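The chain is numbered in sequence order, starting from 1. Just so it is clear, the model here is predicted, and its values are computed rather than measured.
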Amino acid sequence: MKKRLFVISAVFIFISSLSFLLIYIIKNGNPYTMLLVQYHMKKHMEGNDITEDMLVPDKSGYIEPKQVVHKDYYRGLFQLRFKDEPQITYYYGLHKENKAIIQFCKENPLVVRSFKKAKHSEEVCANAYNN
């Protein structure tokens, strides 16, 4: 009888912990993806001579978008807003296969805005909404 109660309790605790983990991932995003994107983005920023002093502190960092982005990139994105261009937000994604950081150069098609090449635009870019 005690063994049966122990097994039932263990199964209940396991299912409860899985549900809490699922709710956390839905609300905050995958923590592994966040670490990957932050690690590779730091290396990308160092390679392009981008320092923390050049960025707007509250508007730069990891984000978890509500819409689906390009299927070849991880869902979590990194946004940068520079002090010399505070009106433009640059979005970067991490490619799933080769782990390269790529800047997204196209705006959301649902938002009517013109996107022109800006000071911190990179030569190689991808459209975040092509699937």
Side-chain angles (χ1 to χ4, degrees):
M1 181 69 179
K2 288 184 180 182
K3 186 176 182 180
R4 186 176 200 174
L5 183 62
F6 176 75
V7 170
I8 291 172
S9 299
V11 168
F12 177 74
I13 290 172
F14 180 72
I15 291 173
S16 298
S17 63
L18 280 180
S19 63
F20 285 121
L21 180 66
L22 183 64
I23 290 170
Y24 176 83
I25 288 175
I26 289 172
K27 186 173 182 195
N28 299 316
N30 188 342
Y32 176 70
T33 302
M34 182 176 71
L35 289 174
L36 268 179
V37 170
Q38 288 176 342
Y39 172 75
H40 288 285
M41 190 62 197
K42 184 177 179 181
K43 288 170 63 175
H44 180 78
M45 287 171 58
E46 289 171 357
N48 290 337
D49 297 326
I50 300 171
T51 62
E52 294 290 329
D53 299 334
M54 298 170 66
L55 304 174
V56 177
D58 295 340
K59 301 294 183 182
S60 300
Y62 179 83
I63 59 167
E64 193 72 32
K66 303 295 182 206
Q67 70 275 11
V68 177
V69 295
H70 198 290
K71 66 179 185 215
D72 293 337
Y73 295 87
Y74 287 105
R75 189 164 186 259
L77 301 178
F78 205 89
Q79 70 178 8
L80 293 180
R81 190 172 290 180
F82 293 90
K83 288 180 180 174
D84 57 348
E85 290 180 315
Q87 71 280 7
I88 299 175
T89 303
Y90 297 91
Y91 295 98
Y92 296 84
L94 180 64
H95 198 271
K96 288 181 181 177
E97 290 180 14
N98 60 8
K99 303 293 188 258
I101 293 285
I102 303 292
Q103 186 180 60
F104 292 126
C105 54
K106 297 287 186 179
E107 290 285 328
N108 188 335
L110 301 176
V111 177
V112 179
R113 259 190 257 165
S114 63
F115 188 81
K116 299 176 185 172
K117 247 183 154 20
K119 182 178 179 183
H120 299 284
S121 294
E122 296 182 4
E123 294 298 322
V124 178
C125 62
N127 187 346
Y129 301 99
N130 279 352
N131 280 322

Q) Rounded to the nearest 0.5 Å, how far does CG of L36 lie from CD1 of I101? A) 9.5 Å
Q.
Hydrogens and angles aside, do R81 and T89 bring a side-chain donor and acceptor to less than 3.5 Å of each other?
A. yes
Q.
Rounded to the nearest 0.5 Å, what separates atom NZ in K96 from atom OG1 in T33?
A. 8.5 Å
Q) For the atom pair CD1 (I50) and NE2 (H120), what is the distance rounded to the nearest 0.5 Å? A) 7.5 Å
Q) Who are the salt bridge (Lys or Arg N to Asp or Glu O under 4.0 Å) partners of D58, not counting sequence neighbours? A) none
Q) Looking only at heavy atoms, what is the nearest atom pair of Y73 and A126, with distance? A) OH-CB, 3.5 Å
Q. What are the two closest heavy atoms between Y62 and G76, and how far apart are they?
A. OH-CA, 3.2 Å
Q. Would you say D72 and H95 make side-chain contact, with heavy atoms under 4.5 Å?
A. yes
Under 3.5 Å, which donor-acceptor pairs do the side chains of residues 39-46 form with other protein atoms, sequence neighbours left out?
unit_1: H44; atom_1: NE2; unit_2: N48; atom_2: ND2; d: 3.0
unit_1: H44; atom_1: NE2; unit_2: E122; atom_2: OE2; d: 2.8

Q | Donor-acceptor contact present, side-chain Q79 to main-chain K59, <3.5 Å | A | yes
Q: Check K119 against D84 and note the closest heavy-atom contact, atom names and distance.
A: NZ-OD2, 2.7 Å
Q | Same cluster (ILVMFWY, side-chain, under 4.5 Å), I13 and L21 | A | no
Q: Take S60 and F82 through the side chain to side chain contact (heavy atoms under 4.5 Å, CB included) test and state the conclusion after the steps.
A: CA-CA 8 Å; S60 300; F82 293 90; over 6 Å; no
(Q) So which atom in Q103 and which in Y90 form the shortest heavy-atom distance, rounded to 0.1 Å? (A) NE2-CD2, 3.0 Å
**Q.** Rounded distance [0.5 Å steps], CD in E85 versus CE in M54
**A.** 10.0 Å
Q.
Let me confirm one number: the CG-CZ distance from L77 to F104, rounded to the nearest 0.5 Å.
A. 5.5 Å
Q. Under 4.5 Å between side-chain heavy atoms, hopping through other hydrophobics if needed: is there a path connecting F20 to F12?
A. no
Q. Taking the hydrophobic residues Ile, Leu, Val, Met, Phe, Trp and Tyr, and joining any pair whose side-chain heavy atoms are under 4.5 Å apart, which ones share a cluster with F14?
A. L18
(Q) Let's go through L94 and K99 carefully: what are the C-alpha distance in whole Å and the side-chain angles of both, what is the deciding distance for side chain to side chain contact (heavy atoms under 4.5 Å, CB included) to 0.1 Å, and is it a yes or a no? (A) CA-CA 6 Å; L94 180 64; K99 303 293 188 258; 4.3 Å; yes
